[in-house]
Protein chains: 2
Amino acid sequence: MLTNTLIELLKIEYPLVQAPMAGGVTTSKLVAEVSNAGGLGMIGAGYLNPHQAREQIRETKQLTANPFGINLFVPEEFDVMDGEVNSANQALKPIRHQLNLPPKEGFEFPDAANVQEAFADHIQVVIEEKVPICSFTFGIPSEDVIADLKRHDVFLIGIATTVEEAIENEKAGMDAVVVQGSEAGGHRGSFMDGNQEKLIGLMSLIPQVVDEVSIPVIAAGGIMDGRGLMASICLGANGVQMGTAFMTCQESGAHETHKAAILNAHEDQTVLTRAFSGKWARGIENRFISEMKRHERFLPDFPVQNVLTKDIRKGSAGQKTPEFMSLWSGQSPRLAKRQTAKELIQTVMEDVKRISSNF
Amino acid sequence: MLTNTLIELLKIEYPLVQAPMAGGVTTSKLVAEVSNAGGLGMIGAGYLNPHQAREQIRETKQLTANPFGINLFVPEEFDVMDGEVNSANQALKPIRHQLNLPPKEGFEFPDAANVQEAFADHIQVVIEEKVPICSFTFGIPSEDVIADLKRHDVFLIGIATTVEEAIENEKAGMDAVVVQGSEAGGHRGSFMDGNQEKLIGLMSLIPQVVDEVSIPVIAAGGIMDGRGLMASICLGANGVQMGTAFMTCQESGAHETHKAAILNAHEDQTVLTRAFSGKWARGIENRFISEMKRHERFLPDFPVQNVLTKDIRKGSAGQKTPEFMSLWSGQSPRLAKRQTAKELIQTVMEDVKRISSNF
C-alpha cells in the first residue's frame, strides 16, 4: 500500500523523511541510522559552511550505503540597519544580564555577497559529492542553480506552507514538495510575503495542495507515529517528514536540556516567536519568548536577529537552563520518546501495518 | 471498517456529524437531510430561545425518523461595563457609517439571570421532546444538568480544543467529545483560560487526545471529504464533525453572500478574530476584520460584543456586501461545493471506500 512514486524516486523503503533540522541536530550518525532503517536521512546544512557540509557528507557516507539527502537555506536579501541592531541589543540586555553574559554592541556578520557565494559553493559540494537528494528551505533557488543540479541528477525537494507556494515549487521544477502545516516545530519555511504567519493545519493544507499540484507531496508538522503517516497518506500525501520525533532520538545532536524540555511538554505549550531568529518559528514557550514578546515585531529580520541571539542561546544551553534556549518543537510533544532512530522507524511502520489491517 | 462505538451509540450509519452551526444555518431541512442520508444532523440552537428550539425540533421530526441532535451554548458569566460598551460603539461608528446604519449608543441585553434561566428551559425542552443527542459549546454544564439529561438517556457530547479540556469532558461524564482543531471555522469552543488562542492542528490534537481519554472522539476542523474522514480515523478519532462543507449545501440557511464567499476563498484567506462576537472565531478576512484589528483586544467579551455588532452583520447581509458580515469558514474553503447534503455525504462515503481499498 505504501509503494508510491516518492519511494521509487528516492530509492528508499518507507515514505519517511527525517527533517533536516539545522544547528547540530542531524548528526551523521542520526542521518545514517535513518537511511539504514529504510527512511531518508537528511543533513540540515543551513548553518554549516561548505567545508563542514562536505565533511559531514563524507562522514555519513562511511556510515550508510543507502541514499541520504541534504538541506540548504536559500539565501534572502537582508539589510543590517544600525538603529534596528541597537534596539535589538537594548531589548536583549536584561536577558544577557540574567545569564551573566557580557553586554554586546553592534553586529558582526559576513556580508550578503558572501552568503550568496557560500550558497553557490554548497551547491558545488552537493554535485561533487554526488548527494542524490537536495531540499531547500526559505525559498526556491534560481533557475541556473536548479538546472545545474538537475543536470547532475540531483532530486530536488522544495517547501511550501500554502497552496500557492506549492504551485510555485512545481513551476520551478522541484521534483517533490514538503508541505509544512501549522503544527510544525522550528522555522516556518514560507517564502512568499506574509505567509510565515498564515498557519494552515495539515488537515486542511494537504488535500488542498494535492488537488493543485502533480509532484509528490511530503507532509510535515506534528507527525510523530504511524497514525500521522497513515493520516497524511489518506489526505493525499506520498510521505511524511518528521522532525520533533527524531529530535529526542538517541542519535540526535540536540542538547540534552532541549530533549528533556520536549519530553516534558504538552501540546498547548508551544508558541510561534520571531524573537530568536527574526523569522517565525515554533518552540516551547520559555522566559526568553515571553520577555521578548513586546519587542518581537520590531526586531531585525533573519538572519540578523539570529546572529544577535547566538551568545544567549549558547550561554543558556551551557548553563543547562532551558529558559533562554530556542526549544523548537512541533505541536505533538506528548508523543515524543527516548529511543533510537531505528526503533522509531520500526514502530511507525508497525503502527502503519496495524492501522492498514483495520480497513 | 467504520463500524465503531460511536456509530453504535448514536444509532447512525456513518460516523459523520453535521456541525451545529448557530445563527440560522442549520435549517430543519438540512438537519433532517443529513440524518436521512445516514449522518447525524444537529440543530445549532445557540441563538434560539427555548420556544424556537422546540418548534425546530418538532419540525425536524416531521422530516426524519432518524436520530438527530441539538447543540446548546453553555452560558458564561459576563459583565456589561459602560466604558467598554461605549468604546466598542465608538470603534464601530465608522463601520455603521459606511453601511448607512443609524449610530448606536449603550446596550440592550437580557440580564445574566435570564441567560441561565433560558439554558435551564432549553434543557427541559431537550428532555420533553426526547432529543436523543445533545452537544455543548463553550463549556461543560453543571453536574445537576448532566445528571438530569443522563436520567433521560440523552447522549452528551462535549467540546475540547486541548487535551486538558478533553479530559475535563470525560471526567464530567460526557459520552463523547468533539475535538476542535485550529483549522475549524466559526467560534473556538474552548472553555479553559487562554485556550481560545491555543491553536492546535488536528494532526497533533487527535492522537494526543485519544491517548488520554477513553470516550469516543469526534474530530472537527477543516474536514470536507472522505480524505479528512479517513485521516481522522487513522489518527484515532471515531468520527468527524463537518461545518463549512455543509454551510455551502443547498439546504443550509447560510446567506447566499456567505456561501459565495466560501466558494471563492482560498486556504490562506481565513483569520481568527474576536471583533464580531468577543470570542475568537475563524472567518474569511474582510474589511470589518481588518478595520477592527487594532481594537480587537479591547472589545467586550462574548456575548456583549456579539449583541453590539448584530445590526452591522445584518445590515451588511441585507446590502449583500460580504465586507462586514461574519463569513465563518474553516481552512479548507477550496474543497467546498454547491451540492445537496445527501450528495455531500454520499461522496464522502464513496471517497472512504476508494481510500480504504488502497490498503
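Labels below follow one simple rule: chain letters A, B, ... track the order of the sequence lines, proteins then strands, and each chain is numbered from 1.
With contacts defined as side-chain heavy-atom distances shorter than 4.5 Å, the pair B:Asp268/A:Val163 does not qualify. Considering only heavy atoms from C-beta on, A:Ser182 comes within 4.5 Å of B:Ser182 through its side chain.
The part of A:Glu212 that comes within reach of chain B is its side chain, from C-beta onward, which places non-hydrogen atoms under 4.5 angstrom from that chain. Heavy atoms closer than 4.5 Å to chain B are found in the backbone of A:Leu199, but not in its side chain. Proximity to chain B (any heavy atom under 4.5 Å) is shown, for A:Thr161, by neither the backbone nor the side chain. Looking at A:Thr162, the atoms closer than 4.5 Å to chain B (heavy atoms on both sides) sit in the backbone and in the side chain alike.
The shortest non-hydrogen separation linking B:Leu202 to A:Glu183 is N-OE2, 3.8 Å. In this structure, B:Ser204 and A:Gly222 approach most closely via the heavy-atom pair OG-CA, 3.5 Å. The shortest non-hydrogen separation linking A:Leu235 to B:Ala231 is CG-CB, 3.5 Å. The shortest heavy-atom contact between B:Cys234 and A:Cys234 is SG-SG, 3.6 Å. Taking both residues in full, the closest heavy atoms of B:Gln331 and A:Gln208 are given as O-NE2, 2.7 Å, listed atom of the first, atom of the second, then distance.
Each of B:Glu164, B:Gln269, B:Lys198, B:Glu267 has some count of heavy-atom pairs under 4.5 Å with chain A, and the biggest count is that of B:Glu267. Interface check for chain B: of the options A:Val271, A:Asp211, A:Asp351, the most heavy-atom pairs under 4.5 Å are formed by A:Asp211. Interface summary for chain A: among B:His266, B:Met224, B:Arg334, the most heavy-atom pairs under 4.5 angstrom belong to B:Arg334. Ranked by non-hydrogen atom pairs under 4.5 Å with chain B, the options A:Gly226, A:Ser332, A:Gly201 are led by A:Ser332.
Summarising the geometry, atom CG belonging to B:Asn4 is positioned 11.0 Å from atom CG belonging to A:Asn358; distances are rounded to the nearest 0.5 Å. Atom CE of A:Met230 is separated from atom CD1 of B:Ile355 by 10.0 Å, given to the nearest 0.5 angstrom.
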Side chain to side chain contact (heavy atoms under 4.5 Å, CB included) between A:Met203 and B:Val240, intermediate numbers included: CA-CA 12 Å; A:Met203 189 64 83; B:Val240 297; over 6 Å; no
Chi angles and distances behind the side chain to side chain contact (heavy atoms under 4.5 Å, CB included) call for B:Arg227, A:Val210: CA-CA 11 Å; B:Arg227 294 177 289 189; A:Val210 301; 3.6 Å; yes
